[in-house]
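Basis for what follows: all heavy atoms, side chains included, without hydrogens, waters or symmetry-related copies. Numbers for residues simply follow the sequence, beginning at 1.
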Amino acid sequence: MIRQATKYDITQLTEMMRMFRDESPIEQYKDIDNPEYFNQLVNTILSGQGVIFIEDNVGFILGIIIPTIWCNKTFAMYELAWYVKPEYRHKTVGYKLLKAYIDYAKKLKEQGRIKLFTVTKMVTSPDFDYSRFGFKKIEENWMQ
C-alpha cells in the first residue's frame with residue numbers, strides 16, 4: 001500500500017537509497033555514504049519541504065521543495081529519487097508511486113505553494129512515456 005513516509009521509515013528509506021545509488025549509472029555517487037546527512041534531508045522533507053511516498057520494503061519516490069532560480073519566494077518540487085526494488089519492477093508499484101507524487105504536486109500547485117514540479121528519467125530507467133501524465137521534456141542533464 002502506497003503511503004506518505006514518516007520519520008519511522010528512515011531505516012528502510014536509507015536501505016533503499018543505497019540500493020538506488022548502487023544501481024545508479026552515476027559512478028561519482030558509488031563511494032558516498034553520509035547517513036547523518038541523509039537523515040537530516042529526510043527529516044527536512046518530512047517536515048514540509050517536500051514529500052516521500054513509500055511502499056514498505058518495496059519502493060519509494062522522494063521530492064524536495066526549494067525556491068526556483070528566479071525568485072526565492074517562488075517554489076518548485078523536484079523529484080530526487082524514484083526507486084523500486086528489482087523483484088517488484090514491471091508491476092504496478094512504480095506507477096502508483098509516480099501517481100501519488102503527481103497527485104500531491106498538483107494539489108500543491110492548486111494551493112499556490114509551488115509553481116511547477118519535475119520528474120527525472122535516468123538513462124537506465126525503463127522507457128516510460130511521461131507525457132501521458134502531462135509532463136513536457138524541457139532539458140537533458142549531462143554529467144562528467
Report summary line: Output for pair (I45 CD1, I64 CD1), nearest 0.5 Å, gives 4.5 Å

Query - Over all atoms of both residues, closest heavy-atom pair of K85 and E15 - result: NZ-OE2, 3.6 Å

Report summary line: For G94 and W82 the tightest heavy-atom approach is O-CZ2, 3.1 Å

**Report entry** Minimum heavy-atom distance between I114 and M77, given as atom pair plus value
**Finding:** CD1-CB, 4.1 Å

Query - Heavy-atom pair with the smallest gap, counting every atom of S24 and K30 - result: O-NZ, 2.5 Å

**Report entry** pair P86-E23: side-chain heavy atoms closer than 4.5 Å
**Finding:** yes

Query - T68 side-chain N/O to T74 backbone N/O, donor-acceptor pair under 3.5 Å - result: yes

Query raised in the report: With a 4.5 Å limit on heavy-atom distance, are the side chains of K106 and F117 in contact?
Result: yes

Report task. Would you give the length of the straight line joining atom CE of M16 to atom CD1 of I54, rounded to the nearest 0.5 angstrom? Result -> 4.0 Å

Query raised in the report: Where does the angle between the aromatic ring planes of Y104 and F53 fall among parallel (under 30°), tilted (30 to 60°) and perpendicular (over 60°)?
Result: perpendicular

Query raised in the report: Transitively linked via ILVMFWY side-chain contacts under 4.5 Å: M1 with Y8?
Result: no

Report task. Verify the neighbour count for atom NZ of K73: are there more than 12 heavy atoms of other residues, nucleotides or ligands below 6.0 Å? Result -> no

**Report entry** same_hphob_cluster(I102, L116) at 4.5 Å side-chain heavy-atom cutoff
**Finding:** no

**Report entry** Residues D22 and R18 bridged, charged N to O under 4.0 Å
**Finding:** no

Query raised in the report: Rounded to the nearest 0.5 Å, how far apart are CD1 of I52 and CG of L13?
Result: 5.0 Å

Query raised in the report: Roughly how far apart are I32 CD1 and I26 CD1, rounded to 0.5 Å?
Result: 9.5 Å

Query raised in the report: Under a 4.5 Å cut-off applied to non-hydrogen side-chain atoms, are R21 and D33 in contact?
Result: yes

Requested in this report: To the nearest 0.5 angstrom, please state how far the CD1 atom of I2 sits from the OG1 atom of T92.
Outcome: 8.0 Å

**Report entry** Nearest heavy atoms of L97 and I61, plus distance in Å
**Finding:** O-CG2, 3.5 Å

Query - Criterion side-chain contact (heavy atoms from CB on, under 4.5 Å) against D9, the qualifying member of N57, L46, D56 - result: D56

Query raised in the report: Under a 4.5 Å cut-off applied to non-hydrogen side-chain atoms, are R113 and I65 in contact?
Result: yes

Query raised in the report: Under a 4.5 Å cut-off applied to non-hydrogen side-chain atoms, are M17 and F60 in contact?
Result: yes

Query - Backbone of V42 reached by a side-chain donor or acceptor of K7 within 3.5 Å - result: no

**Report entry** Donor-acceptor pair, side chain of T14 and main chain of I10, under 3.5 angstrom
**Finding:** yes

Query raised in the report: Can you tell me how far the CG atom of D103 sits from the NZ atom of K96, to the nearest 0.5 Å?
Result: 13.5 Å

Query raised in the report: For the residue pair G63 and Y101, what are the closest heavy atoms and their distance?
Result: CA-CE1, 4.0 Å

